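Convention: sequence-line order gives letters A, B, ...; per-chain numbering from 1. Since the model is a prediction, treat every value here as computed from it, not as a measurement.
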Protein chains: 2
Amino acid sequence: MAKNKRDIDLKVKQDELESTASRLFLSLGYDGTSMNRIARELGVAPNTLYWYYASKDELLVGVLNRQMSQTLVRLPTIVDKPLKEKMAWALREFEQSRELVATVHARLEQSEVIREWHDQFHRFVEAAVIHTLQADGVARERAAMLATVGTFLVEGLLAHPHSESQREAILQWFTESALPA
Amino acid sequence: MAKNKRDIDLKVKQDELESTASRLFLSLGYDGTSMNRIARELGVAPNTLYWYYASKDELLVGVLNRQMSQTLVRLPTIVDKPLKEKMAWALREFEQSRELVATVHARLEQSEVIREWHDQFHRFVEAAVIHTLQADGVARERAAMLATVGTFLVEGLLAHPHSESQREAILQWFTESALPA
DNA sequence: ACCTGAACACCGTTCAAGT
DNA sequence: ACCTGAACACCGTTCAAGT
């Protein structure tokens with residue numbers, strides 16, 4: 001990828017578009033941000049965006065990948081911390097994207113490209129969590145089930161407002177119920 | 001309420017609107033169902049709907065309440081079954097509404113009336129689950145935390161496709177980790 | 001009280017045309 | 001290859017007018 005000047009320029013331009021789209025999606029929400037608005041912010045005609053992305057959903061996927069790659073940069077900082085810390089970190093990472101997480105789930109049925117991104121994202125996260133649990137001595141099959149549960153808890157906490165002590169209690173209970181004594 | 005003929009007629013008409021809207025929302029999704037389409041199905045002008053509901057979101061709330069009251073009718077059939085059965089029942093009840101559940105979460109920030117309905121719904125469900133857990137000998141504070149966890153697991157299972165054995169394993173693990181031995 | 005026709009301000013997207 | 005002006009088919013919603 002990015003073999004020549006052309007591809008590099010393309011990436012640079014896409015990065016610019018996604019940076020602006022990201023900021024607007026996060027502050028106004030996906031539905032609250034029109035393609036028109038994004039284009040205006042960038043100083044281009046609205047249909048220019050369609051030269052880079054086939055649809056608004058594809059632009060969202062670009063934005064999601066952008067966020068993910070930023071999160072991946074910070075991943076090494078918690079890779080050898082205990083499970084509970086890892087979950088708390090994931091919550092903090094995705095907290096600003098709360099609304100986008102909900103948008104992704106709402107658009108699953110309607111958008112193939114969103115569905116693909118979502119499925120791939122879950123496969124990645126579950127594999128990582130399974131790996132962690134196995135390192136802590138949890139059997140393979142059980143680790144897979146617990147990874148799903150852990151994911152649901154993080155998503156639930158993201159979707160619903162809660163106090164710091166609620167979060168703490170849930171993570172504490174989950175990790176001590178999940179891990180061997 | 002419904003003190004006189006007028007109010008009764010209003011309820012009847014609203015029930016007719018919500019029945020049609022419900023069917024369309026469930027088959028085409030909320031975003032996939034235009035007010036125009038609902039009106040056409042009913043044989044009225046699109047703006048007629050606005051005499052009964054201030055907005056599309058308020059119509060959705062009507063539909064949600066309709067679904068809820070149908071579910072409440074069936075609630076007594078599982079009221080004395082064990083927790084695991086209760087959760088499996090709730091999953092079956094809400095399974096057809098998967099998409100509406102996601103829509104509610106996605107519209108939380110944008111619609112006050114949806115937010116109110118959502119918060120009230122969660123308060124109701126959590127109170128019911130806490131009551132069940134306390135009857136099973138779980139302490140009050142712990143029951144509140146576990147009720148939240150149980151809700152997140154049901155929502156997670158609703159939002160994400162999964163096999164029957166996955167569901168079974170998750171419910172089994174949760175109920176046996178939550179309840180005193 | 002209940003419903004309509006016509007319009008409003010927008011939306012995502014397409015297309016032919018420009019450079 | 002990249003971008004635009006103009007349009008398309010729709011959207012939720014409003015309003016003045018009818019009965």
- Message: Give the dot-bracket line for DNA chain C from 5' end to 3' end: parentheses for intra-strand Watson-Crick or G-U pairs under 3.5 Å, square brackets for crossings, | for inter-strand pairing, dots for unpaired.
- Response: ||.|||||...|||||.||
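The pair B:R98-A:E109 meets the salt-bridge criterion, with a side-chain N (NZ, NE, NH1 or NH2) lying under 4.0 Å from an Asp/Glu carboxylate O.
Distances shown here put a side-chain N or O of A:K13 below 4.0 Å from the OP1 or OP2 atom of D:dC3.
The side chain of B:Y52 lies closest to C:dC2, out of D:dC3, C:dC2, D:dT4.
For residues 130-143 of chain A, every residue pair satisfying the side-chain hydrogen bond (donor to acceptor under 3.5 Å, both in side chains) rule, not counting sequence neighbours, is listed here: A:K86-A:T132.
The distance from atom CH2 of A:W51 to atom C1' of C:dG18 is 16 Å, rounded to the nearest whole Å. For the pair A:Y53 OH and D:dC3 C1', the interatomic distance rounds to 16 Å; values are reported in whole Å. Atom P of nucleotide D:dC2 and atom CG of A:L49 are separated by 15 Å, given to the nearest angstrom.
Annotation: cation-pi geometry satisfied between B:K56 and B:Y30 (NZ/CZ under 6.0 angstrom from ring centroid, within 45° of ring axis).
Of all the residues in residues 17-25 of chain B, not one reaches under 4.0 Å from DNA chain D with any non-hydrogen atom.
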- Note on the structure: Quick tally for nucleotides 8-13 of chain C: nucleotides whose base has a protein heavy atom under 4.0 Å get B, sugar-phosphate-only ones S, the rest -, giving ---SSB
- Task: Please lay out, stage by stage, how B:Q120 and B:E116 fare under the test side-chain hydrogen bond (donor to acceptor under 3.5 Å, both in side chains).
- Result: CA-CA 6 Å; B:Q120 175 210 309; B:E116 267 164 25; over 6 Å; no
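Taking the six-membered ring wherever Trp is involved, the centroid distance between the rings of B:H105 and A:H105 does not fall below 6.0 Å.
Qualifying side chain to side chain contact (heavy atoms under 4.5 Å, CB included) partners for A:S19, counting only residues two or more places apart in sequence or in other chains: A:R66. Here B:K81 pairs with nothing under the salt bridge (Lys or Arg N to Asp or Glu O under 4.0 Å) rule; sequence neighbours left out.
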